[in-house]
Amino acid sequence: MTKIAFVFPGQGAQYVGMGKTLYENFSEARQLFNAASKRLRQDIAGLCFEGPEEELKKQKIPNRLF
């Protein structure tokens, strides 16, 4: 089994559309987005893919995900 790690830049580097290609092409990515949405009771995929960017960049969102 090959292990893959994704490393993202620091705080405030989020942008609308980040992760969308992974979500569309890999079921594992969809599962992670769906699990995060369920746990946080918020549409994380919608926020990441559609914004608004101001909401996405708020510190509370990424901190809750990691």
Side-chain angles (χ1 to χ4, degrees):
M1 174 190 250
T2 302
K3 292 184 179 185
I4 298 174
F6 294 97
V7 180
F8 296 99
Q11 194 72 22
Q14 302 85 349
Y15 58 91
V16 174
M18 185 171 82
K20 187 172 184 177
T21 301
L22 291 170
Y23 183 90
E24 292 174 338
N25 291 290
F26 297 96
S27 62
E28 296 86 354
R30 285 190 296 278
Q31 290 171 1
L32 288 172
F33 273 95
N34 293 338
S37 294
K38 184 177 179 180
R39 184 173 182 108
L40 299 175
R41 297 182 183 149
Q42 182 175 3
D43 181 11
I44 299 302
L47 177 61
C48 288
F49 307 153
E50 299 167 14
E53 189 167 345
E54 298 78 28
E55 183 68 20
L56 181 60
K57 288 190 173 189
K58 287 183 179 176
Q59 187 172 355
K60 69 177 183 172
I61 301 297
N63 285 350
R64 291 172 63 196
L65 292 174
F66 301 107

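Nothing here was measured: the structure is a model prediction, and the numbers come from that model.
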For the residue pair E24 and R30, what are the closest heavy atoms and their distance? O-NH1, 3.5 Å

Least distance between heavy atoms, I44 atom then S37 atom: N-OG, 2.9 Å

Residues in side-chain contact (heavy atoms from CB on, under 4.5 Å) with F26, at least two apart? L22, E28, A29

Could you pull out every donor-acceptor pair under 3.5 Å between side chains of residues 46-54 and any protein atom, sequence neighbours left out?
residue: E53; atom: OE2; partner: K57; partner atom: NZ; Å: 3.1

From Y15 OH over to L56 CG, what is the distance, rounded to the nearest 0.5 angstrom? 10.5 Å

